[in-house]
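Presented below is the structure to which this report refers.
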Amino acid sequence: LMAPGDVDAVPHGAASETPRAGRPSRLIDAAAGLAAAAIVVVVLIQVVGRIAHAPVSWSEELTRAMFIWMVFLGMASSMRSADAARITMLMERVRWLRPLALPIYVAGCLAFFALMCWTGIGLVRTQFGMNESIATLGWPSWVVGIVMQLSAVNAAVALIGSLRDHRDVISARKGVTTRASSCCSC
């Protein structure tokens, strides 16, 4: 149950409750939501423009840029609430892996985030060095590419917080059911 002051605590997918989100987390969630809303608006502008035989040249590239931001920021946000994909089916079938679920999950995620950050740094360095820009928007390409590093760092920090708040869910002690217990009529 939520305490009277916990207006930010809301249930999420795998986790029963998510503790109060900090300001950076709320900003990241808001940015991902804004990107999703922008996609809808820009696609509607694109559709109306095509129906009116006056296509908008920048709409496809802006939609692509907003989609990239939405996906990367959403991935980082899902780590905070332990809603990221887990291998629950594997845990159901191979029970001896359950004690290793937490270390495998943490090591795999941190390795992925490190690789994502390293790759993103190389991408932005190249985009910046070549003075690459998005043709129809006139924006430098690194404006889109920088989300990789931001998301990787945020996801790693969110993973650490998630270990504190949702350890049972992540380690497959909660949320993994056996075939017999998941059947409704048996």
Side-chain angles (χ1 to χ4, degrees), residues 7-15 18-86 105-163 165-166 170:
V7 294
D8 293 326
V10 293
H12 283 310
T18 299
R20 177 178 281 200
R23 180 168 291 173
S25 297
R26 286 192 304 260
L27 288 173
I28 288 166
D29 291 349
L34 185 62
I39 290 169
V40 171
V41 170
V42 172
V43 168
L44 285 174
I45 290 170
Q46 182 180 35
V47 168
V48 169
R50 287 184 180 183
I51 290 172
H53 301 289
V56 183
S57 63
W58 49 265
S59 61
E60 288 183 33
E61 289 187 356
L62 184 57
T63 300
R64 188 177 305 119
M66 291 297 102
F67 186 76
I68 291 168
W69 271 82
M70 180 189 69
V71 167
F72 277 101
L73 293 176
M75 183 269 312
S77 291
S78 72
M79 296 305 298
R80 183 177 62 250
S81 56
D83 286 335
R86 291 179 294 133
Y105 179 78
V106 172
C109 285
L110 290 176
F112 176 74
F113 300 147
L115 179 64
M116 190 169 83
C117 188
W118 178 69
T119 303
I121 289 170
L123 174 69
V124 168
R125 185 180 301 144
T126 301
Q127 291 171 330
F128 194 78
M130 294 178 65
N131 201 22
E132 191 176 304
S133 67
I134 301 172
T136 60
L137 298 173
W139 297 354
S141 293
W142 61 263
V143 169
V144 176
I146 199 155
V147 73
M148 287 179 71
Q149 298 88 289
L150 296 174
S151 180
V153 170
N154 180 57
V157 170
L159 173 65
I160 303 306
S162 183
L163 289 173
D165 301 329
H166 307 294
I170 296 169

A side-chain contact here means heavy atoms from C-beta on lying under 4.5 Å apart; do [X] and [Y] qualify?
{"X": "Asn154", "Y": "Phe72", "answer": "no"}
{"X": "Phe128", "Y": "Ile146", "answer": "no"}
{"X": "Ser77", "Y": "Asp29", "answer": "yes"}
{"X": "Glu60", "Y": "Thr63", "answer": "no"}
{"X": "Ile134", "Y": "Trp58", "answer": "no"}
{"X": "Ile39", "Y": "Val43", "answer": "yes"}
{"X": "Met66", "Y": "Val42", "answer": "no"}

Of the non-hydrogen atoms in Leu110 and Ala156, which two are nearest, and what is the gap between them?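 Leu110 and Ala156 have their closest heavy atoms at CD2-CB, 4.1 Å.
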Least distance between heavy atoms, Met70 atom then Ala32 atom: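 Where Met70 meets Ala32 most closely, the heavy atoms are CG-O, 3.9 Å.
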State the [atom1]-[atom2] distance between [X] and [Y], to the nearest 0.5 angstrom.
{"X": "Ile160", "Y": "Arg80", "atom1": "CD1", "atom2": "CZ", "answer": "14.5 Å"}
{"X": "Ser151", "Y": "Phe113", "atom1": "OG", "atom2": "CZ", "answer": "7.5 Å"}
{"X": "Ser78", "Y": "Leu73", "atom1": "OG", "atom2": "CG", "answer": "11.0 Å"}

Quick check: does any side chain N or O of Ser57 sit under 3.5 Å from a backbone N or O of Thr136, one acting as donor and the other as acceptor?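 Such a contact is absent between Ser57 side chain and Thr136 backbone.
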With Trp142, the side-chain contact (heavy atoms from CB on, under 4.5 Å) member among Met130, Gln127, Glu132: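 Between Trp142 and the candidates, side-chain contact (heavy atoms from CB on, under 4.5 Å) is satisfied uniquely by Gln127.
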Worked verdict on Tyr105 versus Leu159 for side-chain contact (heavy atoms from CB on, under 4.5 Å): CA-CA 10 Å; Tyr105 179 78; Leu159 173 65; 3.5 Å; yes
